[in-house]
Protein chains: 2
Amino acid sequence: MRLESGAVSARSSTDASRVIPEATVARLPVYLRALTALADSGIRTCSSEDLASAAGVNSAKLRKDLSYLGSYGTRGVGYDVDYLRYQIAREIGVTQDWPVVIVGIGNLGHALANFSGFRSRGFRIVALLDADPELVGQTVAGVQVQPFDALEETVRTHDVAIGVIATPAVAAQDVADRMVAIGITSILNFAPSVLAVPEGVDVRKVDLSIELQILAYHEQRKANDAVAAAAVPVTVDGGAS
Amino acid sequence: MRLESGAVSARSSTDASRVIPEATVARLPVYLRALTALADSGIRTCSSEDLASAAGVNSAKLRKDLSYLGSYGTRGVGYDVDYLRYQIAREIGVTQDWPVVIVGIGNLGHALANFSGFRSRGFRIVALLDADPELVGQTVAGVQVQPFDALEETVRTHDVAIGVIATPAVAAQDVADRMVAIGITSILNFAPSVLAVPEGVDVRKVDLSIELQILAYHEQRKANDAVAAAAVPVTVDGGAS
DNA sequence: ATCTGTGAACGCTTTCACAGCA
DNA sequence: TGCTGTGAAAGCGTTCACAGAT
């Protein structure tokens, strides 16, 4: 993955110009979950309207998103739930399990290791690692915690491509560097720090306090607006000057 | 918050047309954290370039984002770290603490309750609640777990506006309904389910398996591209058939 | 000379509205 | 008739490039 060395036109395997917009990619897992829920309640066919409302989006967006994958519906009828579910799972790449390692087995690491939706959604935890000798050897969610140095061995053995960082912020960059050096190319970072990684490595971050602060901003705005609305008696058609 | 009843022009308190784009709002907490890190290492002034790289964005975006808040920098010089930090904190609304309740004290709820960055970033956990009688009465992170029915009392007493849902998926909608009924207007949802809430209530969701699936998609694409690149010997300037 | 603040251009995402197929 | 699939339009967000302040 050198940086733009001149338009290598390697168009991918299956068929045509397979470029799915990022915004769509981020919603495919939501559709997958909604389809699974529909299938579990015995529904075999659904309209874009049905699926959209189960996924919490509007139907135009859903149809547009699905159109990037291909034409998997039937006009006048709708979508076959199982068929569409398979197509989306295949597109995402979760028809088989991805091996995953988790580094940092504190409170959060524990919770992640015990998270059951993991296994059922295309992932398999192959190792838990921590630098703290106190934790090493303990069994969490049926897996023995290994020393951090065992990372390379584990990653090679299981051909791991995805790593999860659940360490304190100070350790996160070191862990990421190590992961990258060993060949991990996708990182999910729960530590509250900005990770620097080379081109070609994907990082996604999950940050509790950022999410709360975004809510706080809107909450404050609601409060301010309420005050303003009470102070200025409501003027429909908002008077000029 | 009636649905669009005719352009009420309640422009907010402080000054002009205060409309900060959503994308910017989502980055302000990142800037706040980066500024705190800079301040902690004794830096008193920084350029947009410095702050941008600490926050992991480019400087044009940073400057554009800050321009929505006002003109808090000095041309030819840069930004005063403490001053800018205060302005952003004020804008987000975290100059004082927001009281927060957490519902669902399983593995994840435990981890959230113990998360220290909480307190230091503008939030204060005022209650932990769970429907499981086994958990009620236990002390987690110095707070006693209360029965779920204590929600209303707690929310009124502490004037809580923000609730965190860390229950299993099946319970999430019920919890959300209850929160909304009691007057909570911002929800952070960790349960893997789509929440339906009325207009005026903000929901943000954090979903581990969705994040992993997004990574899996890109991982799969990298793998496919590598195969394609190996099969088709690289043609610079991709020859038109 | 330097670095911020910002109009303007560009590109991505969403929504609209309807053609096309069952 | 009913519902999908999709061009075209509208709306956002990012980047460019430079005017303007110190």
Side-chain angles (χ1 to χ4, degrees), chain A residues 3-4 15-31 34-35 38 43-81 83-85 87-88 91 214 217-218, chain B residues 3-4 15-31 34-35 38 43-81 83-85 87-88 91 214 217-218:
Chain A
L3 18 110
E4 40 201 318
D15 66 305
S17 62
R18 182 56 53 97
V19 189
I20 298 178
E22 218 17 67
T24 297
V25 169
R27 281 187 296 265
L28 292 180
V30 180
Y31 302 153
L35 284 165
L38 291 177
I43 294 167
R44 308 187 68 85
T45 297
C46 67
S47 66
S48 64
E49 200 66 58
D50 298 336
L51 181 52
S53 87
V57 302
N58 69 53
S59 62
K61 193 187 277 181
L62 174 85
R63 289 199 304 278
K64 186 57 121 180
D65 283 341
L66 294 185
S67 77
Y68 294 116
L69 313 193
S71 288
Y72 296 134
T74 309
R75 288 165 200 241
V77 179
Y79 301 94
D80 180 283
V81 171
Y83 180 62
L84 182 58
R85 181 159 63 132
Q87 293 301 339
I88 293 178
E91 191 66 48
I214 295 170
Y217 170 81
H218 292 296
Chain B
L3 17 111
E4 39 202 318
D15 65 307
S17 62
R18 181 56 54 97
V19 189
I20 299 178
E22 214 23 63
T24 297
V25 170
R27 282 186 295 266
L28 292 180
V30 180
Y31 302 153
L35 284 166
L38 291 177
I43 294 167
R44 308 187 68 85
T45 298
C46 68
S47 66
S48 64
E49 200 67 59
D50 297 335
L51 180 52
S53 86
V57 302
N58 70 53
S59 62
K61 193 187 277 183
L62 174 85
R63 289 200 303 279
K64 185 58 118 180
D65 283 342
L66 294 185
S67 77
Y68 293 116
L69 314 193
S71 288
Y72 296 133
T74 310
R75 290 167 200 242
V77 179
Y79 302 93
D80 180 282
V81 171
Y83 179 63
L84 182 58
R85 182 159 60 132
Q87 293 301 339
I88 293 178
E91 190 67 47
I214 295 170
Y217 170 82
H218 292 296

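Any value given below was found using the heavy atoms of this structure, including those in side chains, with hydrogens, waters and symmetry copies removed.
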Of the non-hydrogen atoms in B:Lys61 and B:Val57, which two are nearest, and what is the gap between them?
CD-CB, 4.4 Å

Could you list, one pair per line, each protein nitrogen or oxygen that sits under 3.5 Å from a nitrogen or oxygen of nucleotides 7-13 of chain D, together with the distance?
{"from": "D:dG7", "atom 1": "N7", "to": "A:Lys64", "atom 2": "NZ", "distance (Å)": "3.3"}

Rounded to the Å, how far apart are B:Ile20 CD1 and C:dT6 C1'?
16 Å

What heavy-atom pair brings B:Cys46 and B:Leu38 nearest, and what distance separates the two atoms?
SG-CD1, 4.0 Å

Heavy-atom distance under 4.5 Å between the side chains of B:Leu84 and B:Tyr31, does that happen here?
no

Just distance, no hydrogens or angles: give the donor-acceptor pairs under 3.5 Å from side chains in residues 70-79 of chain B, sequence neighbours left out.
{"from": "B:Tyr72", "atom 1": "OH", "to": "B:Leu69", "atom 2": "O", "distance (Å)": "3.4"}
{"from": "B:Tyr72", "atom 1": "OH", "to": "B:Gln87", "atom 2": "OE1", "distance (Å)": "3.3"}
{"from": "B:Tyr72", "atom 1": "OH", "to": "B:Arg90", "atom 2": "NH2", "distance (Å)": "3.4"}

Would you say that A:Asp50 contacts A:Thr45 through its side chain, given a criterion of any heavy-atom pair below 4.5 Å between the two side chains?
no

Would you indicate which nucleotide in D:dG5, D:dT14, C:dG5 comes nearest to any side-chain atom of A:Tyr79?
D:dG5

Phosphate oxygens OP1/OP2 of C:dT4: is one of them under 4.0 Å from a side-chain N or O of B:Ser48?
yes

Output the rounded distance in Å from CG (B:Asp65) to P (C:dT4).
14 Å

Separation of D:dT6 P from A:Arg63 CZ (nearest whole Å)
11 Å

Ranking B:Ser67 and A:Thr74 by the position along DNA chain C of their nearest nucleotide, the one closer to 5' is B:Ser67

Given atom CG of B:Asn58 and atom P of D:dC16, what is their separation to the nearest angstrom?
7 Å

Whole-Å distance, B:Tyr83 OH to C:dT4 C1', equals 14 Å

Nearest-nucleotide 5' precedence on DNA chain D, A:Arg75 against B:Tyr68
A:Arg75

Just the rounded figure in Å: distance from P of C:dT13 to CG of A:Leu62.
17 Å

For a side-chain contact (heavy atoms from CB on, under 4.5 Å) check, start with the C-alpha distance between B:Ile88 and B:Leu66, then their side-chain angles and the critical distance, and finish with the verdict.
CA-CA 9 Å; B:Ile88 293 178; B:Leu66 294 185; 4.0 Å; yes

Do B:Arg63 and B:Ser59 come within less than 4.5 Å of each other through their side chains, counting heavy atoms only?
yes

Grab the OH-C1' distance between A:Tyr72 and D:dT4 for me, whole Å please.
15 Å

Can you tell me the distance, in whole Å, between the CG atom of B:Leu69 and the P atom of C:dG5?
10 Å

